[in-house]
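Taking it in order: structure first as structure tokens, then the write-up.
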Amino acid sequence: MGKKTKAAITPTRSEDYTEWYQQVVKASVLAERSAVRGCMVILPWGYALWENIMQNLDKLFKMTGVKNAYFPLFIPLHFLEKEAEHVEGFAKECAVVTHHRLEQGPSGGLVPAGELTEPLIVRPTSETIIGDSFSRWVSSYRDLPLLINQWANVVRWEMRTRIFLRTSEFLWQEGHTVHATQSEAEERTLMMLDLYASVAEEYLAMPVIKGAKSASERFPGAVETYCIEAMMQDRKALQAGTSHFLGQNFAKASGIKFQSASGSEEFGWTTSWGVSTRLVGGLIMTHGDDDGIILPPRVASAHIVLMPIIRKETDREPVMTYIENLAAELRDVAYHEAPIRVEIDDRDIGGAKGWEWIKKGIPIRVEVGPRDMAENAVFMGRRDKSHREKTAVKRDVFLNTITSILDDIQDNLFQRAKAYLEAYTHDLDSRSEFYSFFTPQNPEKPEIHGGFAKSHWCGSPECEATIKEDLSVTIRCIPFEHVDDTGQCICCNASSRQRVIFAKAY
RNA sequence: CGGGGCGUAGCGCAGUCUGGUAGCGCACUUGAAUGGGGUUCAAGGGGUCGGAGGUUCAAAUCCUCUCGCCCCGACCA
């Protein structure tokens, strides 16, 4: 009882949000920094979470007819040069392989040797290398639509990295499709956006706003970029997923052509769409509290931890037997078509154990000691409630209600996050109101402020740039709602046909 | 690439100004006590003080150069 720390994480969110995030990641054992600049090691607890996200997405992709494939890590330099905007967009952040051998240097160390005739780029995204394959796979309208996804790692040499949110290397999926018509491709782009939104909301319990990017925020080479934007607890926006309608730009660059039913030669219409390990960062900042992360049950690395309370050595065997039987029965319960994931923690380390699991964000902690056994009960704590709020539940009741308890936690997390998003999203119509909304009281050490401003925008890149320059606020998306609303641009007062979402962003 | 901070045990830090050859807390190991909760006591293991060079009888400490990390900008999923 030495320490009187009120929260498990120091500092708290309100004290220092950025530092809180880093401490939460550390305490959660989801990931850690690696020896390589800007790259992270994903630990088992974090990888299990990512696997659950992956499996759910993968299943949903396949239900829409998408098939998985795999393409090379390396892209020949000249491939990237094929689409002008695309080159410009990614050129600044590419890792380049120039040699294929190491030799003993004069001072003893290894030095690169065997220079390549053409450098290879470590993929920052795979439109061009996949386009090359697609150009050979597609020759007739009968080959379309072509619906491919790959699970891969990509590298973007960012100047500033942040664990899970922006690492030099990250894991993601990238879907790439080719269609015979523009409308079919557009339909697919929006279909995948909807799929992402429902995964974010139903699995990650993360409410999102769907919309289109402004021209300046578009994917390099895309005709249209759609996105889902979530609000973190420091009220900044996080782009949680994107779906791009690429028109015929990449088809022309890669030579993806097909012969139509009428015999004419036409370029395909392509799309690409992706979500990444960034989602994990979003999850942390959406649900975490001052005791650490809170994992939504639908994707949690594990659902329940069973912790024996052993008072006397003679209690150990009966308590462990009780726990192992309980675990076996729990694992036989299906939660959304998959077995409940149960951990048993019998380490004899006292109360620190419970706190470890709190910081790891497991949805349900269960303690079982002789007293519970005598009453045929378990002692349960929920991660979405205070750590002090624990209740005795009869064993059979616990087994019969466990899936609804998990669903209740899932729903509770979503409702909380949705209330937060709504509480800090405002229609703002005056320029002064808008500027004060995004200006902290204390510029030295900015407090959590702002949120999402739904404000009118005339559509000019100049107004967008002015606001970005003045406030570091950008247009996160042009939402699909509110399209018929008319008003005046927040920046220049010109007439505007709709509101857009302005926010500071990650 | 600019501005600020920092590299000393696995983690968090003190010691640096005023050179004398390394310490604290947590974690770890062992033993004991405790037992519905980040418990207590005792004993113990672990460090080329980020790296290189220099000054000095002597450098974690002073000087020069480097490398890396964190925060704030610019760039971005």
Side-chain angles (χ1 to χ4, degrees), chain A residues 1-10 16-19 21-23 26-27 32-38 88-94 107 124-125 154-174 196 213 216-220 225 227-230 237-244 272-282 291 307-313 315-316 319 345 348-359 365-373 377-381 387-388 390 392 443-446 468-469 472 474 505-506:
Chain A
M1 243 134 307
K3 279 173 274 181
K4 283 231 197 82
T5 323
K6 290 210 182 76
I9 301 298
T10 309
D16 185 344
Y17 195 82
T18 309
E19 183 60 22
Y21 176 76
Q22 300 194 128
Q23 293 304 325
K26 192 183 280 184
E32 61 187 22
R33 311 195 49 77
S34 76
V36 185
R37 192 205 99 105
E88 209 186 316
F90 286 103
K92 287 164 292 186
E93 51 188 51
C94 286
S107 51
T125 177
V154 289
V155 168
R156 295 182 189 178
W157 213 262
E158 302 289 351
M159 296 181 187
R160 250 184 88 195
T161 58
R162 235 140 126 24
I163 201 157
F164 281 120
L165 296 173
R166 182 172 298 106
T167 43
S168 299
E169 178 192 16
F170 56 95
L171 305 185
W172 77 342
Q173 58 68 216
E174 46 180 324
Y196 287 154
K213 284 291 183 191
S216 73
E217 300 272 334
R218 240 173 242 151
F219 177 76
T225 289
C227 62
I228 50 172
E229 294 284 329
L238 182 78
Q239 181 174 304
T242 47
S243 186
H244 314 290
S272 69
W273 25 275
V275 294
S276 72
T277 38
R278 170 179 259 200
L279 285 175
V280 176
D291 287 332
M307 295 179 281
I309 303 292
I310 314 272
R311 217 188 245 160
K312 307 188 297 280
E313 256 330 284
D315 291 336
R316 187 176 295 277
V319 169
D345 190 347
D348 204 6
I349 58 169
K353 188 159 67 176
W355 282 104
E356 276 188 24
W357 288 102
I358 288 171
K359 288 184 276 193
R365 306 183 307 283
V366 168
E367 297 162 7
V368 176
R371 223 148 71 196
D372 310 288
M373 279 173 65
V378 299
F379 203 55
M380 179 189 78
H387 65 87
R388 279 183 293 268
K390 293 188 278 193
E444 296 296 305
K445 194 178 179 299
K468 185 174 182 181
E469 175 75 18
S472 308
T474 50
Y506 276 99

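What's counted below: heavy atoms across the whole structure, side chains too, no hydrogens, waters or symmetry copies. So that the names make sense, note that chain A is the first sequence line, chain B the second, and so on, each numbered from 1.
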Nearest-nucleotide pick for [X], side chain only, options being [options]:
X: A/Ala8; options: B/C71, B/G38, B/C11; value: B/G38
X: A/Arg37; options: B/C75, B/C69, B/G36; value: B/C69
X: A/Phe379; options: B/A74, B/G36, B/C75; value: B/G36
X: A/Arg160; options: B/G36, B/C75, B/A74; value: B/A74
X: A/Lys92; options: B/G38, B/C69, B/C75; value: B/C75
X: A/Lys26; options: B/C11, B/C75, B/G36; value: B/C11
X: A/Gln22; options: B/C71, B/G36, B/C75; value: B/C71
X: A/Met159; options: B/G38, B/G36, B/C75; value: B/C75

Who are the salt bridge (charged side-chain N to carboxylate O under 4.0 Å, His left out) partners of A/Glu356, not counting sequence neighbours?
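A/Arg347.
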Looking at residues at least two apart in the chain, or sitting in another chain, which of them share a salt bridge (charged side-chain N to carboxylate O under 4.0 Å, His left out) with A/Lys390?
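Salt bridge (charged side-chain N to carboxylate O under 4.0 Å, His left out) list for A/Lys390, sorted by chain: A/Glu367.
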Students often get this wrong, so: under 4.0 angstrom with heavy atoms, is [X] touching a base, only sugar-phosphate, or nothing?
X: A/Pro446; value: nothing
X: A/Thr161; value: nothing
X: A/Arg371; value: base
X: A/Lys359; value: base
X: A/Gln239; value: sugar-phosphate
X: A/Ile358; value: nothing
X: A/Gly369; value: base
X: A/Lys390; value: base

Sequence neighbours left out, what passes side-chain hydrogen bond (donor to acceptor under 3.5 Å, both in side chains) with [X]? Give chain and number order.
X: A/Gln23; answer: A/Glu19
X: A/Gln239; answer: A/Lys213
X: A/Tyr21; answer: none

Any chance you could measure A/Asp315, atom CG, to A/Ile310, atom CD1, to the nearest 0.5 Å?
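Output value for this atom pair is 7.0 Å.
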Can you work out whether A/Lys468 or A/Met373 has the more 5'-proximal nearest nucleotide on RNA chain B?
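Checking each residue's closest nucleotide, the 5'-ward one belongs to A/Met373.
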If you measure from the P atom in B/G47 to the same atom in B/G10, how many Å do you get, rounded?
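It works out to 8 Å between them.
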Tell me: [atom1] of [X] to [atom2] of [N], nearest whole Å?
X: A/Arg166; N: B/C70; atom1: CZ; atom2: C1'; result: 16 Å
X: A/Glu19; N: B/C69; atom1: CD; atom2: P; result: 17 Å
X: A/Phe219; N: B/C76; atom1: CZ; atom2: P; result: 13 Å
X: A/Glu32; N: B/G12; atom1: CD; atom2: P; result: 12 Å
X: A/Glu469; N: B/G73; atom1: CD; atom2: P; result: 14 Å

Decide yes or no for A/Thr125 and A/Phe90: does some side-chain heavy atom of the first lie under 4.5 Å from some side-chain heavy atom of the second?
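With C-beta onward as the side chain, the pair touches.
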At a cut-off of 3.5 Å, list every protein nitrogen or oxygen paired with a nitrogen or oxygen from nucleotides 28-35 of chain B, distance to 0.1 Å.
| from | atom 1 | to | atom 2 | distance (Å) |
| --- | --- | --- | --- | --- |
| B/G35 | N2 | A/Asp348 | OD1 | 3.0 |

Phosphate oxygens OP1/OP2 of B/C72: is one of them under 4.0 Å from a side-chain N or O of A/Thr18?
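Indeed, a polar side-chain atom of A/Thr18 lies that close.
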When you measure from the side chain of A/Gln173 to the backbone N and O of A/Val275, does any donor-acceptor pair fall under 3.5 Å?
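Flag set: sc A/Gln173 to bb A/Val275 pair under 3.5 Å.
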Is the backbone N or O of A/Asp345 less than 3.5 Å from a side-chain atom of A/Lys353, with the two atoms forming a donor-acceptor pair by type?
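Yes, because the side chain of A/Lys353 sits within donor-acceptor range (under 3.5 Å) of the backbone of A/Asp345.
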